[in-house]
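This report concerns only the one structure given below.
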Amino acid sequence: MAKKQCKVVVNESLCKGCNLCIEYCKHGALRSSSGLNKMGYHYAEPSEEAECIGCMMCTLVCPEVAIEVYGE
Amino acid sequence: MKLKNKWPKYYKKDVSTHYCPGCGHGVVHRLVAEVLEELDLGKRAICVNPAGCAVLAYKYFDIDVIESAHGRGTAIATGVKRAKPELFVFTYQGDGDLSAIGTAETIHSANRGENICVVFINNAVYGMTGGQMAPTTLLTQKTTTSPGGRDPQFDGYPLHITDVVAQFPGVTYAERVAVNSPAAVLKTKKAIRTAFQVQVDGLGYSIIEVLSPCPTNWKMSSIASHKWIDEVMSKEFPLGVLADRRKRG
Ligand SMILES: Cc1ncc(C[n+]2csc(CCOP(=O)(O)OP(=O)(O)O)c2C)c(N)n1
Ligand code: SF4
Ligand code: SF4
Ligand code: SF4
């Protein structure tokens with residue numbers, strides 16, 4: 001079965017850099033930013049190494065409703 | 001491509017919360033808002049807020065909220081529900097609020113079997129005021145007022161208040177859950193949904209205790225806090241259904 005094509009988007013201004021989404025994304029589709037957001041946090045961002053498969057684990061654990069996942 | 005997770009209707013959009021990174025309050029707020037939407041309760045819902053870190057929850061929930069004096073949440077909820085039974089009434093309370101200063105209100109509202117729901121956030125400390133020991137603080141746990149670790153000879157033992165009220169015939173549903181993994185979050189949502197449905201069906205009192213991370217006062221990372229709930233906190237406070245009297249005649 002072909003992997004589902006999905007897209008993860010992190011709202012940089014809501015993210016507090018808790019890294020929980022990165023921990024629970026077992027597909028390596030998220031990483032911590034090198035830059036800081038306005039609150040001073042290293043926010044989560046899509047990684048370049050792996051694609052999002054739309055499993056929604058990151059959205060479940062995010063305390064800030066900062067993640068949107070797009071897919072079919 | 002379609003958006004697979006839409007913003008909960010009864011959670012104010014794009015408002016940044018005052019909670020610390022990795023705090024469990026944000027997760028439980030979102031779950032409450034999702035369940036209110038799924039059960040179509042938002043327009044008739046009243047949340048009774050605590051004193052504690054969730055004191056500002058009215059800035060986030062897009063429903064009517066009453067601010068309570070510390071610990072008095074279930075007394076206020078009792079009054080609102082008795083005066084206006086058509087409303088959906090729930091309290092949102094921390095462990096300091098519900099099981100220390102509010103113990104009398106908690107016990108008697110449960111014993112009376114008021115037709116209200118209680119969302120109980122147990123993070124084993126007084127979060128808002130700087131991480132003091134709470135009745136729920138674990139043995140040997142270090143807090144600002146138990147710097148050598150909680151000593152049962154001096155401080156007593158962790159209070160299992162949900163187990164206490166679960167004994168009362170007036171309590172229809174009681175469950176302890178956690179928010180320290182994606183699967184645990186899903187279970188917590190199901191528990192909140194069950195509890196809210198109990199009130200909708202007029203079956204009486206329900207309480208959901210959520211083991212919830214406070215990374216700031218536990219002095220741990222968010223990820224270490226999740227592990228600590230799994231490895232330490234849930235051993236003292238085991239997860240599961242503590243009372244289910246929905247089927248009584
Ligand atoms: C009558 C009264 N006494 C004391 C306080 C101070 N106070 C505010 S919040 C709080 C404890 C909060 O702890 P908890 O209920 O566990 O909630 P958390 O902040 O951990 O979410 C205390 C003692 C108060 N607001 N009112
Ligand atoms: S939806 Fe799944 S695969 Fe995509 S970023 Fe979130 S956790 Fe990773
Ligand atoms: S879980 Fe949410 S707040 Fe935490 S790092 Fe990921 S997007 Fe940011
Ligand atoms: S002090 Fe603890 S409970 Fe309060 S917002 Fe911070 S992490 Fe959450």
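Residue numbers begin at 1 in each chain, while the letters A, B, ... track the order of the sequences. Worth saying up front: this structure is predicted, and the values here are computed from it rather than measured.
- The shortest side-chain heavy-atom distance between B/Glu38 and B/Lys189 falls under the 4.5 Å cut-off.
- Remark: the A/Glu64 side chain and the B/Thr17 side chain contain an N/O donor-acceptor pair separated by less than 3.5 Å.
- Note on B/Pro8, B/Ala183, B/Ser16, B/Gly24: by heavy-atom pairs under 4.5 Å with chain A, the leading option is B/Ser16.
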Query - Derivation of the salt bridge (charged side-chain N to carboxylate O under 4.0 Å, His left out) call for B/Lys235 and B/Glu231 - result: CA-CA 7 Å; B/Lys235 302 290 184 285; B/Glu231 290 166 8; over 6 Å; no

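- Contacts of B/Phe196 classified as ring pair (Phe, Tyr, Trp, His ring centres under 6.0 Å), with partners at least two apart in sequence or in another chain: B/Phe88, B/Phe90.
- Side-chain contact between A/Asn11 and A/Tyr43 is absent, with no heavy atoms from C-beta onward closer than 4.5 Å.
- Using a 4.5 Å cut-off between heavy atoms, B/Pro215 does not touch chain A at all.
- Using a 4.5 Å heavy-atom threshold, the side chains of B/Asn5 and B/Leu3 count as touching.
- Under the 3.5 Å distance criterion, with hydrogens and angles disregarded, no donor-acceptor pair is assigned to the side chains of B/Tyr60 and B/His25.
- In this structure, the portion of B/Asn180 lying under 4.5 Å from any heavy atom of chain A is its backbone and not its side chain.
- At most 12 heavy atoms of other shown residues, nucleotides or ligands fall within 6.0 angstrom of atom NZ in B/Lys59.
- With a 4.5 Å cut-off on non-hydrogen atoms, A/Met56 touches chain B through its side chain but not through its backbone.
- Ring pair B/Phe237/B/His160 is tilted by interplanar angle, where 30° to 60° counts as tilted.
- Contact annotation for B/Val28: neither backbone nor side-chain heavy atoms come within less than 4.5 Å of a heavy atom of chain A.
- Most heavy-atom pairs under 4.5 Å with chain B: of the set A/Gly17, A/Cys15, A/Cys18, this distinction falls to A/Cys18.
- Contact count against chain A (heavy-atom pairs under 4.5 Å) is highest for B/Gly22 among B/Ala184, B/Cys23, B/Cys20, B/Gly22.
- Neither the backbone nor the side chain of B/Val179 comes within contact range of chain A; no heavy atoms are under 4.5 Å apart.
- Proximity to chain B among residues 29-38 of chain A is not found for any residue, judged by heavy-atom separations below 4.5 angstrom.
- Taking the side chain as every heavy atom from C-beta outward, B/Arg176 and B/Leu211 approach each other to under 4.5 Å.
- Between chain A and the residues B/Pro182, B/Gly26, B/Pro21, the largest count of heavy-atom pairs under 4.5 Å involves B/Pro182.
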